Amino acid sequence: MREITFVEAVREALSQEMRQNEDVFMLGEDIGVYGGAFGVSRGMIEEFGKERIRNTPISEAAISGAAVGAALTGMRPIVELQFSDFITIAMDNLVNQAAKIRYMYGGKGSVPMVLRTPAGSGTGAAAQHSQSLEAWVAHVPGLKVVQPSTASDAKGLLKAAIDDNNPVIFYEHKLLYKTSEHVPEEQYSIPLGQADVKRSGKDVSIIATGIMVHRALEAAEELEKEGVEVEVVDPRTLVPLDTETIINSVKKTGRVIIAHEAVKRGGFGGEIASTIVESEAFDFLDAPIKRFGAASVPIPYNPTLEKATVPSADDLSAAAREVVSYAKQEV
Amino acid sequence: MSNYTVESMDREKLLDLYHQMWLIRFFDEKVDEFFAKGEIHGTTHLAVGQEASAVGSCAVLEPKDKITSTHRGHGHCIAKGADVNLMMAELFGRETGYCKGKGGSMHIADLEQGNLGANGIVGGGFAIAAGAALTSSMKNEGYVVLCFFGDGASNEGSFHEALNLASIWDLPVVFICENNQYGMSGPVKEMTNIEHIAVRADSYGIPGSVADGNDVFEVMDKVDEAVRYAREGNGPSLIECKTYRWKGHSKSDAKKYRTREEEKEWRENDPIKRMREQMIQSSICTEEELKSIKERAKKAVEDSVTFSKESPEPSLSTLLEDVYAD
Ligand SMILES: Cc1ncc(C[n+]2csc(CCOP(=O)(O)OP(=O)(O)O)c2C)c(N)n1
Ligand SMILES: [Mg+2]
């Protein structure tokens, strides 16, 4: 079976879509001959030409706004925002324009655009190039938010994002770009709003997003040796959120750990935790919910400090041991 | 009219500037070397080939004047009087570094010398520079702010907003575009519809001029004029220094967007070589003197590596410090 990297999977999803839909085009900084800051669009300008792989000036406001305007009038633009931190500069077009146009106009018009962007820490790029700001956009009605953790998910979710008639923010974790796995060659779509159980287990549920899915799987591996069965649930999309899969997992295990790389305070984990306690799963909880996210600091440059900022597999293992130490109660 | 020539300038000052040029060159060459070896991590943007715009601009400042810098900021930092030990230690992520190892290459700041900081956000410095100039004017402090930025940055909205603001408030700020022909891979010729970034000054009714950015004397002349103009309360100016970055944009850059011939041409237009030739020609100093200055710069950079390697890593307990001021 063919294995390709996350980068290649994203590129394949983009290329396959562009081959069959003339309305789809890309715009972004250095996506031309340079191939994008992380090599995602490598070779694409050669195949699709510079009309459809539009290398832009360093103008995030204009790029994001032009995507909104083009989407509103019949194109299906895909923006590559070079680092997700720069969403600050694109924010007005996303939050005040793209997200609201259809509703404000009383159900008229739509903004079928995707903004893809690399996020996360772990590369030593420091405070302005390492953030995970997905909770910001998840807060805004009208935007959809996707956060794939594997190459095959990335490919299918990106197809769904491009096909969607709404603005979709699509996060790609930089440390996942080089990970590889089997990815089907043909086009396929993974519906937005469908979580994936990456590993099933009966003792504790770790609900993890993005890179944390991998840390959770590591922790699960570790705990297996100790006789504890960890279930790892990857929501894959924050908006829409598959609450059903999450709630079912919690009803099964009764113990919950939530992990994301973004700062814990105000992070999306709080939304997941409250979704659980507001649901019928509340009665099934045997232990307090444990929530993990980055420390409330800008990402530091020094690699040891940087690593210490975000949750590790060991943090998740320790938390799993703690929650399983609570006695299982009969419901 | 040239005020700054080999003949007219103070000899010691001249030799000091020559030393700074080499210090920048050696510093960035060293960073490149350690980056390749994997001993410096993260990312870094080198100013090799662009020494004259940093050195010439800062040469005309008074100590109280301030600068804002960019992601490609090591040169500005050195030219504004930074200690290379503390800079290198920052790149090594050490506690002794300018930012206690928390900032790295893109965030070195030296507030005591008036360097308000490098910036990881392209265009992040424009409005900050205007704001620092606002303080100068509101508190009557008499300092001028130099705002360094790249050709690519001039396409950010913040450029236009800040120039307009500075122009209507007559702020004492000089916007210095280091046009090195590319913003990452984007050629300035394709990314703007104008020949010179400097013409954008017209839109804001402020003076704009173009300088040969590899001629340290011409840079001094142009920047000095703009600094005086600002100090006298006339408001901002825009100066464009034409130059070239010798290295790739950052750590991994195949440089497919430009030709090796073009690189070669610009390398021959070496700002250090040009300064050296002028000094030798006017025989204000000997080859030996210049050689020893170069050696001194080289040694300072070597020493900065030793200093860095001997410096401790920041302790984990510092992680949560300095998020808020007391
Ligand atoms: C807002 C923002 N957009 C994009 C980037 C990524 N980036 C960093 S440097 C750079 C090129 C900047 O070009 P220019 O302003 O000409 O400066 P130079 O690198 O040539 O010195 C880009 C695109 C960034 N850091 N910040
Ligand atoms: Mg440039």
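Just so we're clear, the structure is a prediction, and the values are computed from it rather than from any experiment. Letters A, B, ... mirror the listed sequences (proteins, then strands); counts begin at 1.
Within 6.0 Å of atom NE2 in A:His139, 12 or fewer heavy atoms from other residues, nucleotides or ligands are found, so the atom counts as exposed in its surroundings. For B:Lys37, the NZ atom is densely surrounded, since the number of other residues' heavy atoms within 6.0 Å is greater than 12. Counting non-hydrogen atoms of other residues, nucleotides and ligands closer than 6.0 Å to NZ of A:Lys307 gives a total of 12 or fewer. Annotation for A:Lys290: atom NZ does not count as buried by contact number, only 12 or fewer foreign heavy atoms lying within 6.0 Å.
Both the backbone and the side chain of A:Ala37 come within contact range of chain B, each with at least one heavy atom under 4.5 Å from a heavy atom of that chain. Contact of A:Thr88 with chain B is not made at all, since no heavy-atom distance falls under 4.5 Å. Contacts between A:Ala61 and chain B at a heavy-atom distance below 4.5 Å are absent for every atom of the residue. If you measure heavy-atom distances from B:His107 to chain A, the contacts under 4.5 Å come from the side chain alone. Residue B:Ser158 does not touch chain A at all, counting heavy-atom pairs closer than 4.5 Å. Of the atoms belonging to B:Met184, heavy atoms from both backbone and side chain fall under 4.5 Å from chain A. Contacts between B:Tyr324 and chain A at a heavy-atom distance below 4.5 Å involve the side chain alone, from C-beta outward.
Contacts with chain B (heavy atom to heavy atom, under 4.5 Å) involve these residues of residues 123-131 of chain A, listed by number: A:Thr123, A:Gly124, A:Ala125, A:Ala126, A:Ala127, A:Gln128, A:His129.
Most heavy-atom pairs under 4.5 Å with chain A, from the set B:Cys99, B:Gly104, B:Gly186: that is B:Gly104. Put simply, of A:Pro57, A:Gly35, A:Gly32, A:Pro298, the one with the most heavy-atom pairs under 4.5 Å next to chain B is A:Pro57.
In this structure, NZ on B:Lys102 lies 7.0 Å from CG on A:Leu305, to the nearest 0.5 angstrom. To the nearest 0.5 Å, atoms CG (B:Leu319) and OG1 (A:Thr309) are separated by 4.5 Å. For the atom pair A:Tyr301 OH and B:Glu90 CD, the distance stands at 7.5 Å (nearest 0.5 Å).
With A:Tyr34 contributing its side chain and B:Asp253 its backbone, the two residues share no donor-acceptor pair below 3.5 Å. A donor-acceptor contact shorter than 3.5 Å links the side chain of A:Asp30 to the backbone of B:Ser185.
For B:Lys256 against A:Val33, the heavy-atom pair with the smallest separation is NZ-O, 3.8 Å.
Put simply, the side chain of B:Lys100 does not reach to within 4.5 Å of the side chain of A:Asn302, judged on heavy atoms.
Partners of A:Glu47 under the salt bridge (charged side-chain N to carboxylate O under 4.0 Å, His left out) rule, at least two apart in sequence or in another chain, are A:Arg19.
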For the pair B:Ile121 and A:Ile89, evaluate side chain to side chain contact (heavy atoms under 4.5 Å, CB included) and give the outcome as yes or no after the intermediate values.
-> CA-CA 10 Å; B:Ile121 299 300; A:Ile89 303 169; 4.1 Å; yes
